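Since the model is a prediction, treat every value here as computed from it, not as a measurement.
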Amino acid sequence: MKEGDFFEKEFCVNEKFLDTFIYLSKDKNPIHTNNEFANRYGFKKKIVHGNIQNVFLSYFVGEMLPVKNIVIISQKISFLKPLYQNEKFRLFSEIKNITQSVSVVEFKF
């Protein structure tokens, strides 16, 4: 891997994935589970949990990159627009910096 390398992958959160996440996380916040509730707060329907997107980020880092001796040591995430069930989204990543001395690779997603 080198600075400037670019990776991308398309994902979609289907009902089964969403139900499994709710079961595992126990997060049943009505903004994620009730269309009428979410609509009252300006969304067209219930929104996908932001941390579901972290699941795909983990998959991306753990499975999409050409090296396997990699872990996430920090991340900063902003959720700028809602994601809805069955809506496709793309994850784009570019290697911004590599520090060889401590084996750190910085990505921008």
Run through the side-chain heavy atoms of Ile, Leu, Val, Met, Phe, Trp and Tyr, join any pair under 4.5 Å, and report what else lands in Phe6's cluster.
Phe92
Check this for me: Glu15, atom CD, are more than 12 non-hydrogen atoms of other residues, nucleotides or ligands nearer than 6.0 Å?
no
Give the cluster check for [X] versus [Y]: same hydrophobic cluster or not, with ILVMFWY residues linked at side-chain heavy-atom distances below 4.5 Å.
| X | Y | answer |
| --- | --- | --- |
| Val48 | Phe60 | yes |
| Tyr84 | Phe21 | no |
| Ile47 | Phe17 | no |
| Leu18 | Phe43 | no |

Please report the interatomic distance [atom1]([X]) to [atom2]([Y]), rounded to the nearest 0.5 Å.
| X | Y | atom1 | atom2 | value |
| --- | --- | --- | --- | --- |
| Ser93 | Lys9 | OG | NZ | 14.5 Å |
| His32 | Ser25 | NE2 | OG | 8.5 Å |
| Lys2 | Ile95 | NZ | CD1 | 8.0 Å |
| Gln75 | Ser58 | CD | OG | 8.5 Å |
| Asn86 | Asn14 | CG | CG | 6.5 Å |

Can you list the steps and then say if His49 with Asp27 is a side-chain contact (heavy atoms from CB on, under 4.5 Å)?
CA-CA 9 Å; His49 300 70; Asp27 183 351; 3.2 Å; yes
Show the numbers, then the answer: is there a side-chain contact (heavy atoms from CB on, under 4.5 Å) between Lys46 and Ile31?
CA-CA 6 Å; Lys46 61 186 178 183; Ile31 206 139; over 6 Å; no
Just do the side-chain contact (heavy atoms from CB on, under 4.5 Å) check on Glu3 and Asn97 with the steps written out, would you?
CA-CA 6 Å; Glu3 288 181 26; Asn97 186 42; 3.5 Å; yes
Side chain Asn51, main chain Asn54, donor-acceptor under 3.5 Å
no
Counting N and O atoms only, with roles assigned by atom type, does the side chain of Thr20 sit under 3.5 Å from a partner on the main chain of Lys16, one being a donor and the other an acceptor?
yes
With a distance cut-off below 6.0 Å to the six-membered ring centre and an angular limit of 45° from the axis, does Lys26 pair with Tyr23 as a cation-pi contact?
yes
Anything under 30° is parallel, anything over 60° is perpendicular, the rest tilted; go ahead and classify Phe56 against Phe11.
tilted
Test: side chain to side chain donor-acceptor pair (under 3.5 Å). Region: residues 33-42. Which pairs qualify, not counting sequence neighbours?
none
Please lay out, stage by stage, how Glu10 and Phe89 fare under the test side-chain contact (heavy atoms from CB on, under 4.5 Å).
CA-CA 6 Å; Glu10 184 173 272; Phe89 68 100; over 6 Å; no
Could you tell me whether the side chain of Gln85 reaches within less than 4.5 Å of the side chain of Val13, counting heavy atoms only?
no
Quick one: are Glu8 and Leu91 in side-chain contact, heavy atoms under 4.5 Å?
no
Under a 4.0 Å N-O cut-off, is there an ion pair linking Lys108 with Glu94?
no
